[in-house]
> 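Quick one: the structure is below, questions incoming.
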Amino acid sequence: MKKLTVHASRSYDIVIGAGLLGDAGAYCKEALGGARRLCIVSDDTVASLYLNQTKESLEAVGFSVEHFVFPHGETSKNTEVLVSLWEFLAERRFTRSDALVALGGGVVGDLCGFCAATFLRGIRFVQIPTTLLAAVDSSVGGKTAVDLRVGKNLVGAFYQPSIVIFDIKTLDTLPREIFSDGCAEVVKYAMIGDRALFDDLSGDIRESIEDIIARCVLHKAEIVEGDEFDRGRRQLLNLGHTFGHAIEACSNLQISHGSAVAMGLVMATRAAVRLGICPSDDLSALIALLERLSLPTECPYSAKELICAALADKKRMGDTVTFVLPFGIGDSRLYPVSVSEMTDLFEKGLTK
Ligand code: NAD
Ligand code: GLY
């Protein structure tokens, strides 16, 4: 079992280990002093696998537990589901001393977190991630959001959980392609600042998954502690994401976040190679690693299609867009460009 603490506007522990779902009650009791009622928020797939076990663990330590389940998938991370959850809590008279429990992947965590940030102007919530992506990225750092029709994550809040509990056994039921999606975020951390992690990923990732997750979470915690509100260094975590979000949008969310990030990592690295700031061997090594992890590496859209989608992205600030480019494996840096230079970067990212 591994435990680390994030020191942010609300400080909290992250616990990672096998079988922790059974201990969720004890962890929540400690982290949520004073709470009596909890609402587990989950999607239908995760609920069918883990709702009962989680509920039993929470009830065993004296919590009164409700649950709210919505259809799985990114298309549920919307304002309609959010309003239903607000209404559900209000009808059941949830109060500020009660709390939410996000049981699921990044979709559940982002939506439940945003609901917690806004319901009654803020109630506490717990993250219980059940995907690799959620474990290494979305459950940590307090970014919460829902999507609008014009783009992903356009309405959200920075709102930290009270604890993150990750039971690595939940990965056993994760379909292979969804596990691979999470690997894209793991590779992202390696590309940002950890060459040794990149090298370690050439082994069997599942054999050392607890260690790999803890290393990624440590990177994320360290970055969030230095820049919780995303004004500078935290933007490094967007490596591959400006391209990736555009790819997701072009596909009408049919391409998963992890797959889009994998293609985005390749585009960012290829653009850096074309700019002469990154060795081409590093691009080849990245593509080989992503392929071994069963991730796609080539974007199916044109630069023009991607630009249209990217301009709706919230990370556009005035006339400048902050990209993140690798200067080599383990050495990524912020790279602000004007909107007019963006097209060139997208073209460089696509041209083989
Ligand atoms: P997801 O939550 O949609 O989960 C993927 C699928 O796996 C779903 O169908 C789900 O039902 C299923 N699933 C989840 N856990 C399972 C398990 N243990 N066994 C079997 N099936 C399981 O997607 P995701 O990849 O976890 O997260 C993607 C979302 O996270 C996107 O919306 C993205 O924008 C967001 N995100 C947020 C942040 C952040 O900092 N807040 C960071 C990265 C990504
Ligand atoms: N996933 C990007 C961030 O948390 O900043």
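Order of appearance sets the numbers: ligands from 1, and atoms from 1 within every ligand. Numbers for residues simply follow the sequence, beginning at 1.
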> Does NZ or CZ of R92 lie under 6.0 Å from the centre of the six-membered ring of F88, at an angle within 45° of the ring axis?
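Here R92 passes the 6.0 Å and 45° test against F88.
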> I would like to know whether H257 and E74 meet side chain to side chain donor-acceptor pair (under 3.5 Å); could you show each step before the answer?
CA-CA 9 Å; H257 180 75; E74 183 71 36; over 6 Å; no
> Within the 4.0 Å heavy-atom shell around K143, which atoms of ligand 2 are there?
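It comes down to these atoms of ligand 2: 2 (C), 3 (C), 4 (O), 5 (O).
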> How far is atom 40 (O) of ligand 1 from its nearest protein heavy atom, and which residue and atom is that?
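The closest one turns out to be K220 NZ, 3.6 Å.
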> Does the side chain of T144 pick up a donor-acceptor pair with the side chain of D110 at under 3.5 Å?
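There is no such pair (donor and acceptor under 3.5 Å, judged by atom type) between the side chains of T144 and D110.
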> Looking only at distance, does V107 have an N or O less than 3.5 Å from an N or O of ligand 1?
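Yes, V107 has an N/O under 3.5 Å of an N/O on ligand 1.
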> Which residue from H72, K143, H241 reaches closest to atom 41 (N) of ligand 1 through any of its heavy atoms?
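Closest candidate by heavy-atom distance is K143.
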> Consider only side-chain N and O atoms of E341 and S338, and report whether a donor and an acceptor are under 3.5 Å apart.
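Yes - a donor-acceptor pair under 3.5 Å links their side chains.
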> Between T173, V108, D172, which one has a non-hydrogen atom sitting closest to atom 17 (C) of ligand 1?
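Of the listed residues, T173 has the closest heavy atom.
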> Nearest non-hydrogen atom to atom 10 (C) of ligand 1 belongs to which of L253, D43, T45?
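Selected option, by shortest heavy-atom distance: D43.
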> Report, in ascending order of atom number, the atoms of ligand 2 lying under 4.0 Å from any heavy atom of K220.
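Those atoms are 1 (N), 3 (C), 4 (O).
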> Can you label the angle between the F243 ring and the F323 ring as parallel, tilted or perpendicular, going by 30° and 60°?
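The rings of F243 and F323 sit tilted, inter-plane angle from 30° to 60°.
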> Polar-atom distance check: K152 versus ligand 1, any N or O pair below 3.5 Å?
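The answer is yes, given that K152 and ligand 1 share an N or O pair closer than 3.5 Å.
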> Counting heavy atoms only, name the option from T131, D181, T75, D44 that's nearest to atom 4 (O) of ligand 1.
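It is T131 that holds the nearest heavy atom.
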> Just heavy atoms, cut-off under 4.0 Å: does T144 contact ligand 1 by side chain, backbone, both, or neither?
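Neither part.
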> Side chain, backbone, both or neither: which applies to D110 and ligand 1 if a contact is any heavy-atom pair less than 4.0 Å apart?
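The part of D110 near ligand 1 is the side chain, not the backbone.
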